[in-house]
Amino acid sequence: MNLFTEMRALVISALENMQTEGTLPEGLEFKNVAVEPPRDAAHGDMATNAAMVLAKPAKMKPRDIAEALSAKLTEDDRVITAEVAGPGFLNLRLSPEAWQGIVKVALVNGAEYGQSDMGEGRTANVEYVSANPTGPLHVGHCRGAVFGDALAGLLEYAGYGVTREYWVNDAGAQVDVLARSAYERYREANGLEFVVKEGLYPGDYLVPVGEALKEKFGDGMIDKPESEWLEEFRDYTIDEMLRQIREDLALLNVNMQVWTSERSYYSSGKIEKTLEELKEMGLVYRGVLEPPKGKEPDGWEPREQVLFKATEYGDDVDRPVQKSDGGWTYFAPDLAYHYDKVKRGFDVIIDVFGADHGGYVKRMKAIVAALDHEKRVHFDIKLTQLVKLFKNGEPFKMSKRAGTFITLRDVLEQVGPDVTRFVMLTRRNDAPLDFDFEKVLEQSKDNPVFYVQYAHARVCSVLRKAAEAGIAVDDETLSRADLSQLDHEAELGVAKKLAEWPRLVEIAARSNEPHRVAFYLYDLASELHSLWNRGNDDGSLRFIQEDNVATSQAKIALARAVAVVISAGLGILGVTPAEEMR
RNA sequence: GCACCCAUAGCUCAGCUGGAUAGAGCGCUGCCCUCCGAAGGCAGAGGCCAUAGGUUCGAAUCCUAUUGGGUGCACCA
C-alpha cells in the first residue's frame, strides 16, 4: 500500500468527477498529475500539481481548477484541508487516522510493506563485478559488487525477477599471461629462483598456485616447452582464481546466480552467429579506421579490420570485431554475450562497470540497440566511481610492490560485510567515495551505519524492556493496538516518514539508484532518534508508559514499524540489522 | 583533439527524472544531563546551486556555449 498513489488515485477520480459534471473539459491527459510530499512540511502533508498541469490544456486558470478540486477532495475522510497555494498547488492535510493506518499496515505486512508491483513480474538481469580472473578482488571491485547486489535487491523488492550474473573473462591473452605467471611460481616451488618477468603478474597470490601445481606435476614441466603445459596451467589457475573470487564475494554476502564463461563463446559458435546476423543487417564491413585526432598512439598504422557499424547507433566510431590476424577482438564476445542476454528474454538488462570503463558505454548501447529487434529491452549501464582509501583521515596509497595493496578480503577482515556494504552505498554511484578504515567503524552519530543500526537496536531494546514489564509486544498484538493514541505531532512525523517508504522504493528502482534507500533509512532513523530524544524531556512521548499497557502498545507499535522498515531497507542493501550495539 | 562523468553552505555530500522560501552531517556560536541508552540533545548563523544564454506558468534539475576537475580513446582484455 502506497498512500501517495492512493491519494493520487483520489485526485484523478475527483478530476474525472469534475469532467462528468462539466466543470472540467473532456479529453485531458492526467499522466503528469502528481501527488508528492512537499519540500516544506509547513505546506501540508501532500501537494498536487494537478491544477497547474491541466490549466493549459483545459484552457482554465490554475486557481479555478484548484478550488473546484479542493472541494471534491475534502469530501474524502482522509483529507482534512486542501488549500490552494503558490502558483496553483493544492496542499493537502491528511487526518491523523490516515497516518496511524500506515503503522498498522507496516506491522501487518511486515517485510513486504513497501514492496512494489511496478516490476509486474518482468525479469531483470544485473551483471556486475565481472572482474578478470587473474587475481584477487580489490576495493574497486568491492564497490561495484555492493552496488550491483543492492541494485539487484532493490529490483527484486520492486517486483522484478532478478538474475545476478558474472561475466568471466576467461579467454584471450590475459589468461595466458596468468598461466605463464603461475608457471614462474611453479618453478619457484620447485626450488628455482623466482624472477619477475616483464609483462607477467608478479603478485604473491600465485605462490600457493605454484605449490599446488608442483603437487600435481612434480618437476616434470620445468623444462618443457610452453605448448606442453600452458593449457593445463591456465585452466587450473583460472579455476583457482574463480574459487577465490567466489569465496570473497560470499564473504561480502554477494552470491551470483549465473557465471557466464567468455571462453564458452569461442567454442560454441555464438560469436560467428551473431556476426552473421549483423552482416545480414548490413552492420558489419571490412574497413580502415581513422587514427584518433590529437592523440595518435605510438606505431599507428592504417589496418583493414572487420568492423561493427556502431556509429549507426550513436557510438563515436565503428568498433573492430576481428583483428588483422583473423582473431576476435575483446569486443566480439561482448557482442555475442549481450545478444545472448537479449535473447534470453530479459525485460531489463543492466551492466555495472567501474568508471574507468565509461568509454564502453556507447558501444554496448549500440550493441543492444542493434540486436534488440523488438525494441523490448530496457538497457542501462551504471558506472561506479573510484573508492579512495583513508586511514584516520590520511590518504592510503595502494601499491602492489610495497605490499600495501588492499584486497576485498583485507577490507572485509577489518571492517566486516555489513559496514562495508552500507558505507559503499552512502554516496551516489557516480560520485567518488572516501572510505576511511577508522571512521567507518566509529560508533558515533557521525557514522551513518551506526546511526541506522542504532535506531534499529533501540527499538529492539524497547521491545525487550516492554516484554520484561509484561507487555505483549508481538506484531500481531501491536497491529491491533489503539493507534488513535498516536496523536502527537512528533509521532505523526515518524508515521509520515514511514508512509514515504513504498514511494521511495519505486523512485529508487526506477532510476536504478540503491543509494536512495540508504539515505532514506538515515532519515527514518533520524526521525526515530528525534522522537526518542524528545521522550527525554517529555515523559509522555516515551515508548513505554508506566501502568498503561494500551498506550504503551500504541507507541511501541510505531517504534516497531520503524524497525520493520529499517530491517526491510537494510535487507535490500544486504545489511543485517543489529539487535543491540556493543 | 574527441567522447563520457562531475561542479550545490568553510568541509563531506543529499536533493523525488521540472515544483513553492534549495536540505543533512561535520565545523562554528549559544543553551541543555536527577532522564525507557548523553558512545548526547535543542536552537542559530552560514548559498548568485561554476559562468553566460535559452526552453515555460516554474530550472540546482532539461538544451547550448564557456570555465574548472575526473575518466577513457584502433591491431590488449
Side-chain angles (χ1 to χ4, degrees), chain A residues 4 32 34 36-40 42-43 47 49 52-53 55-56 62 85-89 91 132 134 169 171-175 177 262 288-297 299-305 307 315-320 322-325 327 329-331 333-334 354-362 383 385-386 426-428 430-434 442-448 450-451 454 457-458 461-462 464-466 469 500 503-504 506-508 510-511 513 515-516 518-520 522-523 526 529-530 532-539 542-546 552 580-581:
Chain A
F4 289 88
N32 291 325
E36 301 174 311
R39 193 161 285 190
D40 189 339
H43 292 141
N49 61 355
M52 286 180 294
V53 173
K56 206 177 194 179
F89 281 102
N91 289 330
N132 292 341
T134 53
N169 292 113
Q174 58 182 345
V175 285
V177 172
E262 179 184 4
V288 179
L289 288 175
E290 295 285 315
K293 292 196 173 72
K295 187 228 161 203
E296 189 162 312
W300 193 93
E301 54 184 85
R303 225 167 254 170
E304 196 187 58
Q305 307 166 77
L307 299 165
D315 202 353
D316 307 308
V317 291
D318 292 338
R319 302 294 173 180
Q322 204 168 15
K323 297 185 272 188
S324 42
D325 68 4
T329 64
Y330 70 90
F331 182 62
D334 270 331
D356 54 342
H357 285 63
Y360 303 126
V361 170
K362 282 190 179 181
L383 303 177
Q385 264 290 352
L386 304 179
T426 52
R427 206 111 303 175
R428 219 185 327 131
D430 51 6
L433 171 76
D434 292 348
E442 202 174 280
Q443 299 214 338
S444 79
K445 171 176 194 303
D446 309 343
N447 183 353
F450 170 78
Y451 195 66
Y454 187 28
R458 267 184 157 171
S461 161
V462 167
R464 282 192 298 267
K465 282 249 154 81
E500 287 178 28
R503 181 182 137 81
L504 185 281
E506 293 196 353
I507 290 168
R510 199 166 21 238
S511 50
E513 291 181 340
H515 76 274
R516 290 175 189 268
F519 281 94
Y520 169 83
Y522 182 86
D523 286 347
S526 172
H529 289 310
S530 169
W532 184 292
N533 293 327
R534 289 182 71 158
N536 288 336
D537 293 328
D538 179 352
R542 295 186 194 171
F543 295 108
I544 298 173
Q545 297 290 313
E546 296 294 325
S552 296
E580 57 184 337
M581 307 304 290

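Reminder, nothing fancy here: chain letters follow the sequence lines and each chain counts from 1. If you're wondering where the values come from, they're calculated on a predicted model, not measured in any experiment.
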Problem - Candidates B:C16, B:A14, B:U56 - which lies nearest the side chain of A:Glu36 - result: B:C16
Exercise for the section: Side chain of A:His515 only, please: which of B:C35, B:G15, B:C16 is the nearest? Expected result: B:G15
Practice task
Between B:C35, B:G19, B:C76, spot the one nearest the side chain of A:Met52, thanks.
Solution key: B:G19
Completion exercise
Out of B:C42, B:A38, B:C5, minimum distance to the side chain of A:Asp430 belongs to B:C5
Exercise for the section: Taking atom P in both B:A50 and B:A45, compute the distance separating them and give it to the nearest angstrom. Expected result: 24 Å
Exercise for the section: Kindly write out the residues that satisfy ring pair (Phe, Tyr, Trp, His ring centres under 6.0 Å) with A:Phe89, not counting sequence neighbours, or none if the list is empty. Expected result: none
Fill in the blank from the handout: Its dot-bracket string being built from Watson-Crick and G-U pairs below 3.5 Å, with | for another strand and [ ] for crossing, RNA chain B has the pattern (((((.(..((((.....[...)))).(((((.......))))).....(((((..]....)))))).)))))....
Handout entry: Spacing of the P atoms in B:A20 and B:C32 (rounded, Å)
Key = 38 Å
Exercise for the section: Decide yes or no, distance alone: a donor-acceptor N/O pair under 3.5 angstrom between the base of B:A20 and the side-chain of A:Asn91. Expected result: yes
Exercise for the section: Using heavy atoms to find the nearest nucleotide of RNA chain B for A:Leu433 and A:Arg319 separately, return the residue whose nucleotide is more 5′. Expected result: A:Leu433
Problem - Nearest-angstrom distance, C1' atom, B:C76 to B:U64 - result: 38 Å
Problem - Nearest listed nucleotide, side chain of A:Ala173, among B:C76, B:A74, B:C42 - result: B:C76
Exercise for the section: For the side chain of A:Asp446, starting at C-beta, report the closest nucleotide among B:G25, B:U12, B:C36. Expected result: B:G25
Problem - Results of ring pair (Phe, Tyr, Trp, His ring centres under 6.0 Å) for A:Tyr330 - residues two or more places apart only - result: none
Problem - A:Tyr522, nearest nucleotide to its side chain (from B:A24, B:U56, B:C13) - result: B:A24
Handout entry: Any donor-acceptor N/O pair, A:Gln385 side chain to A:Arg427 backbone, under 3.5 Å
Key = no
Practice task
For B:C26 versus B:G44, give the span between their P atoms, rounded off to a whole number of Å.
Solution key: 15 Å
Handout entry: Residue A:Phe519, side-chain atoms from C-beta onward, closest of B:A14, B:A20, B:G72
Key = B:A14
Handout entry: Between B:U34 and B:G30 - C1' atom distance, rounded Å
Key = 24 Å
Practice task
Using the P atom on both, measure B:U66 against B:C4 and round to a whole Å.
Solution key: 13 Å
Practice task
Check every atom of B:C76, B:A38, B:C4 against the side chain of A:Lys362 and return the nucleotide holding the closest atom.
Solution key: B:C4
Practice task
Taking A:Gln174 for its side chain and A:Asn169 for its backbone only, find out whether a donor-acceptor pair lies under 3.5 Å.
Solution key: yes
Handout entry: Aromatic stack A:His43/B:A20: centroid gap under 5.5 Å, interplanar angle under 30°
Key = yes
Exercise for the section: Looking only at side-chain atoms of A:Arg516, point me to the closest of B:A77, B:G15, B:G40. Expected result: B:G15
Exercise for the section: Could you say whether the aromatic ring of A:Phe89 and the base of B:A20 stack, counting only centre distances under 5.5 Å and plane angles under 30°? Expected result: yes
Handout entry: Closest-nucleotide 5' rank along RNA chain B - winner of A:Pro302 and A:Phe450
Key = A:Phe450
